[in-house]
Amino acid sequence: MVKMSPMMLPEGRSFELSQGLLQGAIDIHVHATPHLPSSPRRLDPIQAAIEARDAGMQSIVLMDVFQMTNGVAWIVNRAVPHFKVFGGLILNTAYGGLNPRAVKTAIRYGDGAKFISFGAHSTYFQASREGRIVDGKFTPLKDLYPDFNKEEVDRAISIPVEGPIGDELEEILGLISDNPQVFLNTGHVSVDEAIRLVDLAQEFGIEKVLVATAVTAIASTEQLQYMAGKGAFIEYTMGAFTHTTPIPKTHYYVELEYAADEDMAGAVGGGIRKAAEQIQEVGTERCIIATDFGGYTLPAPVEGMRGFIASLLDLGIKEDGIRQLVKSNPEKLLGLHQ
C-alpha cells in the first residue's frame, strides 16, 4: 500500500489577502466592449473601469475583436476619474488582416494604441482549427462549411516561420518599433509563428512583447523559457481555464452557423496547476496574469482576477510573485511609472 504524504498548503492565505493583492493591479485583457448578440457581454467598459477602480486596481486594457479599443478608452477615461483605461488593435479580418494602414491609424487615434495584436480568431492557425462537436466528434468549421475557407481561412494572418516576411509585416513591425509606447502582442498564432515574431521583434528593436495566452496554452515550458529569455512577457489568462471553454459561441463570426467551441483541438490542458507550475519555471518576473473576462457566462473581471490570484496562492506562488504578475510586470509592459 502506497502511503500518501500529507498535503501542505501555504500559510497565510485568505479572502482578504486575495482582495488586498488587487491593490494597484492591472488586468491587461478585458472584453467589455460591444459585441455580437450571439455572445452577450456581462458589463460595458465604463462599468468595468468603475468596478476595477473601486476594487483598488489602477488600470485595465480593453480588447475587442471588431474594433480598435483606444477610441473607447478615450471615452472611458473622460467618464471615469482616478483610473486609466488603455486600448489597442487586433488585426483580424475586420481590419483586413496584416494592414499597415490600420496600424498607423490606431497608433494615433483617440488615446493611441498601447498594443498591436497579430490576430485573434483571424489567424490562420486558429481559423483553420476552430470548430465544434458534431455527433460526438470535434470537426473544424472549414470542413463543415466550404464558404468558411473563402470568408475567413484564406484571409487570415499567417506569419512566415522562416525566410522573407513580406512588405506588410515588415511595415507593421517598423511602425511598432518607431512607437516604443506600443507593445507587440503575438495574438493567436502557432507557437512557431510566435517564436518568429519574438525573434523579429528583437531584430526590429521592439522592446515590449507579450506572448498571448492562446500561444502560452499550447507551448512547452522550454519554448516559453526561450521567448522569455528574449525579453517577452508570457501571458496567462483565467479565461483559458474556465468552465465555459467547451460552450459553442460566436465570438467573432457574424454568421450564426460559425458558432465555435473555444475548446479547439490541441487547446489548453492541465488547468491552473499547469499554469502555476509554468509560471514558477519561467519566472514570475517574466509572466503576467489577466482574466480575458467580460462574457456573460463568466464572473466580472475583478472577481476573475481575485480568483486567479487566490488559486495561485493556493498553488504556492508567494505574495511578492503575485505582485509581479499583476502589477509590476504589466506596468513595464504599458510603460507606466518609468
Side-chain angles (χ1 to χ4, degrees), residues 28-29 33 61-74 86-128 149-215 226-227 230-235 252 332-335:
I28 65 165
H29 199 138
T33 51
V61 179
L62 294 173
M63 307 285 281
D64 191 325
V65 296
F66 304 106
Q67 65 170 339
M68 61 181 78
T69 51
N70 33 298
V72 176
W74 183 90
F86 297 102
L89 173 65
I90 302 175
L91 289 168
N92 283 331
T93 52
Y95 273 100
L98 288 174
N99 182 352
R101 187 68 177 170
V103 174
K104 189 178 296 185
T105 303
I107 288 170
R108 292 164 177 79
Y109 178 68
D111 276 347
K114 271 290 183 179
F115 68 85
I116 300 297
S117 167
F118 283 89
H121 294 258
S122 291
T123 64
Y124 178 83
F125 180 76
Q126 175 144 349
S128 65
N149 291 284
K150 177 179 66 177
E151 292 165 350
E152 287 294 334
V153 176
D154 292 346
R155 296 172 176 169
I157 283 178
S158 180
I159 305 298
V161 297
E162 59 183 6
I165 62 173
D167 294 341
E168 291 84 3
L169 179 53
E170 182 174 358
E171 185 174 353
I172 290 169
L173 292 172
L175 286 165
I176 299 172
S177 177
D178 290 342
N179 290 273
Q181 76 278 12
V182 178
F183 70 86
L184 184 158
N185 183 321
T186 64
H188 295 209
V189 297
S190 70
V191 178
D192 287 341
E193 289 173 293
I195 290 172
R196 183 76 194 279
L197 281 173
V198 170
D199 288 339
L200 286 168
Q202 190 173 57
E203 290 178 27
F204 277 76
I206 297 169
E207 297 179 359
K208 295 181 291 189
V209 178
L210 181 71
V211 177
T213 192
V215 175
Y226 172 83
M227 290 185 281
K230 291 277 189 172
F233 284 109
I234 311 299
E235 179 190 41
Y252 178 72
K332 293 173 184 175
L333 187 68
L334 295 169

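Side-chain atoms of Lys208 come within 3.5 Å of backbone N or O of Pro180 as a donor-acceptor pair. Side-chain N or O atoms of Asp111 include none that pairs as donor or acceptor with a backbone N or O of Gly87 at under 3.5 Å. The backbone N or O of Pro160 sits less than 3.5 Å from a side-chain atom of Arg196, completing a donor-acceptor pair. For the pair Asp64 (side chain) and Thr69 (backbone), a donor-acceptor distance under 3.5 Å is absent. In terms of modelled atom types and a separation under 3.5 Å, the side chain of Asn185 and the main chain of Gly187 share a donor-acceptor contact.
Separating the NZ atom in Lys114 from the CG atom in Asn70 is a distance of 11.0 Å, to the nearest 0.5 Å. Between the CE atom of Met227 and the CD atom of Gln202 there is a distance of 13.5 Å, given to the nearest 0.5 Å. Atom CG of Leu173 and atom CG of Leu184 lie 6.5 Å apart (nearest 0.5 Å). The CD atom of Glu171 sits 10.5 Å away from the CG atom of Asp178 when rounded to the nearest 0.5 Å. Within the model, atoms CG of Leu334 and CZ of Phe86 stand 5.5 Å from one another, a figure rounded to the nearest 0.5 Å. Atom OG1 of Thr105 is separated from atom OH of Tyr95 by 8.5 Å, given to the nearest 0.5 angstrom.
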**Study point:** Full working for side chain to side chain contact (heavy atoms under 4.5 Å, CB included) between Phe115 and Leu210
**Key:** CA-CA 9 Å; Phe115 68 85; Leu210 181 71; over 6 Å; no
Practice item. Dump the intermediate steps for side chain to side chain contact (heavy atoms under 4.5 Å, CB included) on Val103 and Val182, then the final yes or no. Key: CA-CA 11 Å; Val103 174; Val182 178; over 6 Å; no
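Nearest heavy-atom pair, Val65 versus Ala120, reported as atom, atom and distance to 0.1 Å: CG1-CB, 4.0 Å. Shown here for Ile172 and Pro100, the closest heavy-atom pair between the two residues is CG1-CA, 3.8 Å. When all heavy atoms of Val198 and Ala232 are compared, the pair lying nearest together is CG2-CB, 4.3 Å. Minimum interatomic distance between Gly88 and Ala113 (heavy atoms only, all atoms of both residues): CA-CB, 3.9 Å.
Residues Thr93 and Tyr252 have side chains that bring a donor and an acceptor to within less than 3.5 angstrom of each other. In this structure, a donor-acceptor pair under 3.5 Å is present between the side chains of Glu193 and Ser190.
Glu151 CD: more than 12 foreign heavy atoms inside a 6.0 Å radius. Other residues, nucleotides and ligands contribute more than 12 heavy atoms inside 6.0 Å of the CZ atom of Phe204.
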